[in-house]
Amino acid sequence: MWRVLDGLNEPQQEAVLYGDGPLVVFAGAGSGKTRVITHRVAHLIRERDVAPWRILAVTFTNKAAGEMRERLAQLVPGGSRGLVVGTFHAMCARLLRKHSEAIGIRRDFTIYDDADQQALLKRVMRDLDVDTKRFPPRQISQTIQRAKQEMQEVADRDDLSGYYKDVAAKVADEYESRKERAGAMDFGDLIYRLVLALEKDDELRKEVSGRFRHILVDEFQDTNHSQLRLVHALASVHGNLTVVGDDDQSIYRWRGADRRNILDFRKSYPSAHIVKLEQNYRSSARILRAAHAVISRNTDREPKELWTEKAAGERIFVVGTEDERQEAQLVVRGVEELRAKGEPLDSIAVLYRINAQSRVIEERLLAEDIPYRIVGGVRFYDRAEIKDLLAYLRVLMNPADDVSLLRILNKPTRGIGKTTISRLLDLAAETGVGVWDAMEAAHKDGRFSKGVVRKLDAFRRLMEKLQERATLPLPDLGGLVLDETGYLAMLKAENTPESDARQQNLAELVGSMGEFDARTENATLTQFLEEVTLQSAIDAEDMEEARVTLMTVHSAKGLEFPTVMVTGMEEGMFPFVRQGNMGEDPEELAEERRLAYVAYTRAEDRLILSYARMRRIFNRVEVGTPSRFVLDLPEEDTTWIGDRPSRARRASAAPAYRPDPWDMPQAPPKRKRPPREVDSYIDYSEGSDLGIVEGTRVWHPKFGHGRVTEVRHGMVPPRVAVRFEDGRTKVIQSDRLEPG
DNA sequence: AGAACGGGGCTTTTT
DNA sequence: GCCCCGTTCT
């Protein structure tokens, strides 16, 4: 038999060999999903004579796209040239530019990232006199993005209350027209606008869809509605659509991902063939049993169960600790023990639910001098100096880009201060032009003094001068901008360790411009800016030293480690319950469960779970009971270290410890609450009751008097719903309340 | 123009 | 605890 099928199990072969038409592959964790996709592509090219450029493979991240390209290069040496592998966003940007004329947009549009979008939105809201306290820009921004994801107008959303909707729709309209005028697209637009165009224009759809003969989409459970519609449109001519994913690993509902897209694939394509990959090549049998024990308690999932030929392996450890510091200590001790046994540090991952948990662990690792790396955190392209240089370049390419222009107008300072900028914005708003044009119009406007006009002119001349050189090789242009604008001089003058680091970062960016120039034929500034905006982090990982990896469970998706430690396994932490939330939304809980499933299935040989009885987080103390995701584990596969809840308690999953909310130190008048002596108010005895029931009259320092309408014991301190005298009902942690 | 202060908020994160 | 934002102070 031929190499493409070597080492593939039966369902994998089935997925690779399946002929034309729609195909959905449910690929459980560690079941060889990427192998199937790459081998299928290789099969199409080598056995079925499909031209590489007629195949489109879509992923979510650049990293995934890169890996796929790499593995294909091995499978089809030299033969995959022309194959289109890319993220949804990169692919859409390319198509929008290519068909800009037919779609009616400018070809060299700027792409606004979330920060740019937010900046523009805030300005719009200020101009429209919208109170940003009542309508947080973050929320409005989410509303706008969500609408695009659902292929709707904000005004047509029926999940928004009337008044909020009116305001949001008004803001959205103005935001859209300003963005248009600035010649920019936000992330949501890239997909939304292309789908609109493809659905409206039959000609265009046929052309674009006809170009590809086969479409493969990875991580299909993470697609949102607009992406689904895009895929429909792209496959409309031929229907050769392969989607691969795992509904159990869908953990991005909060950003629009819809599991129904994969679960209901057959509703769109009734003839779709289904393949399930259930053999796992990653984890020990015990780990798989643990993962199954957690995920199988979710309803509404595609039935499947991972199995393995591997041995049972080590038991799963569950470690109970006093607090987060002790937890960190035990994590580090575990790392040291494993290291002493000869296990390399890069085989160990420490996972947590939220980033805020990392600090304590880091401190401990630092203290013990154990090398570690943190995945996530500040991204290279999010650094201020990087964004500044990119903003200069964007303005050179597109002076109408107000967001970028305002960013750099007075950086380094050139005497164009707050007053001048706000006058410019006024003038721009009055005359309906962008800031660049307003700078010109300032000549004939009484509000601008001679001196100010001169400064504005100097800036415009500077930019125009640079524009003339915009065809220089990219790295030369980058260096020129840094010199001519005085940006580099500003950093040099600062002469601090931070400014040195910034210069280094800029040098790195200029270096990457050179690298881009070298590997791209006819590299243009537009192309470079697009790549950079659609890319999250620089992948230059220094691998010279083995390190422990720290990251959130979300970041760990797709990765695997011999040893995985998951920290913070407490009710309220994992499953996480937001402040002001009762924590009982079944959809949210189901997603937390999937997240736990993702966490557990990262482990190959060893899974260690830890929880803390109390945890200081967000500067408050939470008292935790072991997470339901720990209590769900099969007894014969787990070893409890330290506190182990009784069988009865585990069965009921009731909170083990309850504080008495009334028995806490009174805040002295006029001063903030003193740091609490936690031990003094927590009642560890099991039977202690809450003393707070439905109907209890309570008092809250901010909201005043009210009456308890609901108590939720799932977590400690319990969440309590209170109806206050002004008629508002709020969900509050009971330890924030006093009797009254 | 830039530091210094105070308030409020706070999951997860890609593109 | 920490970060972001806006405002005020110097």
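Letters A, B, ... mirror the listed sequences (proteins, then strands); counts begin at 1. Any value given below was found using the heavy atoms of this structure, including those in side chains, with hydrogens, waters and symmetry copies removed.
- Projected onto DNA chain B by closest heavy-atom contact, A/E588 and A/G188 fall at different nucleotides, the more 5' of which corresponds to A/E588.
- Aromatic stacking of A/W254 on B/dT12: satisfied, with centres closer than 5.5 Å and planes within an angle under 30 degrees.
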Take nucleotides 3-10 of chain C nucleotide by nucleotide from the 5' end and write B, S or -, depending on whether a protein heavy atom sits under 4.0 Å from the base, only from the sugar-phosphate, or from neither.
-> --SS----
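- Under 3.5 Å, the side chains of A/T59 and A/D218 contain no donor-acceptor pair of N or O atoms.
- A/H554 places its NE2 atom 16 Å from the C1' atom of B/dT15, with the value rounded to the nearest Å.
- Within the structure, a side-chain polar atom (N or O) of A/T552 is placed less than 4.0 Å from OP1 or OP2 of B/dT13.
- Whole-Å rounding puts the A/I111 CD1 to B/dT14 P distance at 17 Å.
- Remark: the backbone N or O of A/R193 is not paired with any side-chain donor or acceptor of A/D189 at under 3.5 angstrom.
- Atom name C1', nucleotides C/dC5 and B/dT12: the rounded distance is 23 Å, in whole Å.
- For A/R353 and B/dT11, the CZ to C1' distance is 5 Å, given to the nearest whole Å.
- At least one side-chain nitrogen or oxygen of A/N62 sits closer than 4.0 Å to the OP1 or OP2 atom of B/dT15.
- No donor-acceptor pair under 3.5 Å is formed between the side chain of A/S555 and the backbone N or O of A/M551.
- One can place CD of A/Q139 at 13 Å from C1' of B/dG9, the figure rounded to the nearest angstrom.
- Considering only side-chain N and O atoms, A/R255 lies nowhere under 4.0 angstrom from the phosphate OP1 or OP2 of B/dT12.
- Residues that satisfy the salt bridge (Lys or Arg N to Asp or Glu O under 4.0 Å) test with A/E150, not counting sequence neighbours, are absent from this structure.
- A close approach under 4.0 Å does not occur between any side-chain nitrogen or oxygen of A/N224 and OP1 or OP2 of B/dT15.
- If you measure from atom CG of A/L534 to atom P of B/dT14, you get 14 Å, rounded to the nearest angstrom.
- Across all strands shown, A/E592 has heavy atoms under 4.0 Å from base atoms, whether or not it also approaches the sugar-phosphate.
- Distances shorter than 4.0 Å separate some side-chain N or O of A/S555 from OP1 or OP2 on B/dT13.
- Taking atom CG on A/D116 and atom C1' on B/dT15, their separation rounds to 13 Å, with Å as the unit.
- In this structure, CG of A/L559 is placed 13 Å from P of B/dT13, rounded to the nearest angstrom.
- Contact annotation for A/D114: base contact, defined as any heavy-atom pair under 4.0 Å involving a base atom.
- Where A/F576 and A/N410 each meet DNA chain B at their nearest nucleotide, the meeting point lying more 5' is that of A/N410.
- As judged by a 4.0 angstrom heavy-atom cut-off over every strand, A/R359 is placed among residues touching the sugar-phosphate backbone only.
- Judged as a ring pair (Phe, Tyr, Trp, His ring centres under 6.0 Å), and not counting sequence neighbours, the contacts of A/H89 are A/F187.
- Taking each heavy atom of A/D108 and A/M397 in turn, the nearest pair found is O-CE, 3.7 Å.
- Separating the CD1 atom of A/I251 from the C1' atom of B/dT13 is a distance of 9 Å, rounded to the nearest angstrom.
- Judged by distance alone, with hydrogens and angles left aside, the side-chain atoms of A/R407 form no donor-acceptor pair with the main-chain N or O of A/D402 at under 3.5 Å.
- Counting non-hydrogen atoms under 4.0 angstrom, A/F60 reaches the backbone sugars and phosphates but no base.
- Side chains of A/R373 and A/T549: a donor on one and an acceptor on the other come within 3.5 Å.
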